[in-house]
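To find a chain, count down the sequence lines: A is the first, B the second, and so on, and within it residues start at 1.
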Amino acid sequence: MNWQSDANVTETILAPVLEGWYDHHKRDLPWRHTRDPYRIWLSEVILQQTRVAQGKPYYERFVAAYPTVADMARADEQSLLRLWQGLGYYSRARNLHQTARYVTEHCAGKFPDTYQELLKMKGIGAYTAAAVASFAFGERVAVVDGNVYRVLARIFGIDQDITTTTAKKTFAALAARLIERANDPATYNQAVMEFGAIQCTPVSPDCLLCPLQQYCVAYQTGRQSRLPVKAKKSPVRDRYYSYLVFRNNGRLALRERTARDIWQNLFDFYLQETDEPVTTLRDLALPDPVSGLVQQGVSTAYVVELSQLLSHQRIRAFFHLIDLPDRLLEQLPTGLNWYTMDQVNELPKPVLISNYLAREFG
DNA sequence: AAGGCGGGGGA
DNA sequence: TCCCCAGCCTT
């Protein structure tokens, strides 16, 4: 038996080794220059299921627009969603606003400063609570994110499916033991995530230069590419959207999406969803008042087709631009409102809609 | 316990 | 294509 592969030994040395590695390899990121819990929280929410490269410019814009939690609390949700546009998972933005207002109004602007209190906030789960508690307040509580699952699964050779509840408990318990050995909890949490992002990457990890090579069960058994184990995701759903883009005097008719569906609280056009793709206006079965509107309006001859790939849905969208004369305006379906192009620009919209607007009117 | 929720980037 | 990304919420 190789003593170096003993899990107890690995548990003892892991935290200090990662902290030492981090000291030499950490990236210079804007949220690492502050201990303001508001800014750390903001960065963590932005980075939920989001790569650093994608989130960084958003963080800069949010800090500039809302330097303090009180500034964010004062903002209207629509402006916040507009600033969030393109980041996805828009409930994060709505929860961000809700928590900013709660902290401002019920906590006298002072951010909750313990893991347990942070966990009560909207949009703050186990990961984000641990991140803010450790980074801003030095609390010794371990983060468990995608990086941590990968690093620990490989180092310790854990082949449990990380989507299961029992596996989550296994990893959380292990992470809790590991952070007890850390010199500094904040540094260790940053270190293990940074290590996963830079060194122990999902594909082609840099094992040859890895300081943990001798301790890593995955490396010793050649299972780097098989760990962590994760159940396959369900297949994506195909959806077909036919949009009617009503125009009048340079204004466009948009509506807010309020259904329990994708893009909640974002704006798009009159939408008819179909089970199969319908590429022409003529073949689209429209409800009575709308079909009359289309008959009497002047529709452009061409159709703009755009696709949008989400992680769980594949959307093919067909856009029909229809000019309405003034006499038909009062027949506009309820929910739709007229916006000038400047106003349209200020509305929060899905990337699909932004792409259409850029192509048709940009 | 399972499913929904964005969008982008890398292989 | 497929997978993953500093996850969280609802049912």
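The 5' end of DNA chain B is approached more closely, in terms of each residue's nearest nucleotide, by K349(A) than by the other of K349(A) and S204(A). Between P228(A) and T128(A), the residue anchored nearer the 5' end of DNA chain C, judged by the nucleotide with its closest heavy atom, is P228(A). The residue among L309(A) and T163(A) whose nearest nucleotide of DNA chain B lies closer to the 5′ end is T163(A). Along DNA chain C, the nucleotide closest to R314(A) and the one closest to L119(A) are compared, and the more 5′ of them pairs with R314(A).
For R94(A) and dC9(C), the shortest distance from a side-chain N or O to OP1 or OP2 is not below 4.0 Å. In terms of phosphate contacts, K122(A) brings a side-chain nitrogen or oxygen within less than 4.0 Å of OP1 or OP2 of dT10(C). Using a 4.0 Å cut-off, some side-chain N or O of W263(A) falls inside it from OP1 or OP2 of dG7(B). Look at Q54(A) and you won't find any side-chain N or O under 4.0 angstrom from OP1 or OP2 of dG7(B). At the phosphate of dG7(B), OP1 or OP2 sits under 4.0 Å from a side-chain N or O atom of Y90(A).
For S91(A), there are no side chain to side chain donor-acceptor pair (under 3.5 Å) partners at least two apart in sequence or on another chain. In terms of the side chain to side chain donor-acceptor pair (under 3.5 Å) criterion, residue partners of D283(A) (sequence neighbours excluded) are, by chain and number, T280(A). Checked against side chain to side chain donor-acceptor pair (under 3.5 Å), R92(A) has the following partners two or more places apart in sequence or in another chain: T50(A). For H25(A), the ring pair (Phe, Tyr, Trp, His ring centres under 6.0 Å) partners are W21(A), not counting sequence neighbours. Every side chain to side chain donor-acceptor pair (under 3.5 Å) that R32(A) has, sequence neighbours left out, goes to Y22(A), Q190(A), E194(A).
Salt bridge present: E117(A) and K120(A) bring a charged side-chain N and a carboxylate O closer than 4.0 Å.
Side-chain contact check for Q313(A) and R239(A): at least one donor-acceptor pair (N or O, by modelled atom type) lies under 3.5 Å. Under the 3.5 Å distance criterion, with hydrogens and angles disregarded, no donor-acceptor pair is assigned to the side chains of T34(A) and D36(A). Between the side chains of Y302(A) and E360(A), at least one donor N or O sits under 3.5 Å from an acceptor N or O.
Figure legend: cation-pi geometry between R61(A) and Y58(A), with NZ or CZ positioned under 6.0 Å from the six-membered ring centre and within 45° of its axis.
The CZ atom of R32(A) sits 11 Å away from the P atom of dA6(C) (whole-angstrom rounding). For the pair R237(A) CZ and dG4(B) P, the interatomic distance rounds to 8 Å; values are reported in whole Å. As a whole-Å value, the separation of Y58(A) OH from dA6(C) C1' is 17 Å. Remark: C1' of dG7(C) and CG of L87(A) are 14 Å apart, rounded to the nearest angstrom. Computed from coordinates, the K230(A) NZ to dC2(C) C1' distance equals 12 Å when rounded to whole Å. Regarding Y127(A), its OH atom lies at a distance of 9 Å from the P atom of dA6(C), rounded to whole Å. One atom, CZ of R257(A), and another, P of dG6(B), lie 9 Å apart when rounded to the nearest Å. The interatomic distance linking W84(A) (CH2) with dC8(C) (P) rounds to 12 Å, in whole Å.
Here Q264(A) lies out of heavy-atom contact (under 4.0 Å) with every strand. Base engagement by S311(A) is indicated by at least one non-hydrogen atom pair under 4.0 Å involving a base atom. Backbone-only contact: D261(A) has heavy atoms under 4.0 Å from sugar-phosphate atoms and none from a base.
For the C1' atoms, the distance linking dC5(B) with dC5(C) amounts to 14 Å, nearest Å. Nucleotides dG8(B) and dC8(C), compared at atom P, are 22 Å apart to the nearest Å. Spacing of C1' atoms, dC3(C) relative to dG6(B), comes out at 15 Å, to the nearest Å.
The side chain of L310(A) has dG6(B) as its nearest neighbour among dT11(C), dG6(B), dC4(C). When the nucleotides dC5(C), dA6(C), dG8(B) are ranked by their closest atom to the side chain of R150(A), dC5(C) comes out on top. Side-chain atoms of H312(A) lie closest to dC5(B) of the nucleotides dA6(C), dC4(C), dC5(B). In the set dT10(C), dA6(C), dC9(C), dA6(C) carries the atom at the smallest distance from any side-chain atom of W31(A).
Taking every heavy atom of both residues into account, R316(A) and S307(A) meet most closely at CG-OG, 3.7 Å. Smallest separation of non-hydrogen atoms from A176(A) and A142(A): N-CB, 4.2 Å.
In this structure, V351(A) shares a hydrophobic cluster with no other residue, the cluster being traced through Ile, Leu, Val, Met, Phe, Trp and Tyr side chains under 4.5 angstrom apart. Using a 4.5 Å cut-off between side-chain heavy atoms of Ile, Leu, Val, Met, Phe, Trp and Tyr, I322(A) falls into a hydrophobic cluster with L244(A), F246(A), Y270(A), V278(A), L281(A), L284(A), L286(A), V290(A), L293(A), V294(A), L324(A), L328(A), L329(A), L332(A), L336(A), W338(A).
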Pair up each side-chain donor or acceptor in residues 82-89 of chain A with any protein partner under 3.5 Å, not counting sequence neighbours, and list the distances.
unit_1 : atom_1 : unit_2  : atom_2 : d
R82(A) : NE     : N345(A) : O      : 2.8
R82(A) : NH2    : N345(A) : O      : 3.3
W84(A) : NE1    : G88(A)  : O      : 2.9
Q85(A) : OE1    : K349(A) : N      : 2.9
Q85(A) : NE2    : S354(A) : OG     : 3.0

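F319(A) has its ring centre less than 6.0 Å from the ring centre of Y243(A).
Listed by residue number, the members of residues 351-362 of chain A with any heavy atom below 4.0 angstrom from DNA chain B are V351(A). A heavy-atom distance below 4.0 Å to DNA chain C is reached by these residues of residues 137-149 of chain A, ordered by number: D145(A), G146(A), N147(A). For the segment residues 37-53 of chain A, residues with any heavy atom less than 4.0 angstrom from an atom of DNA chain B are, sorted by number, Q49(A), T50(A), R51(A).
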The dot-bracket string of DNA chain B, counting Watson-Crick and G-U wobble pairs with both distances under 3.5 Å, using [ ] for crossing pairs and | for pairs to another strand, is |||||.|||||
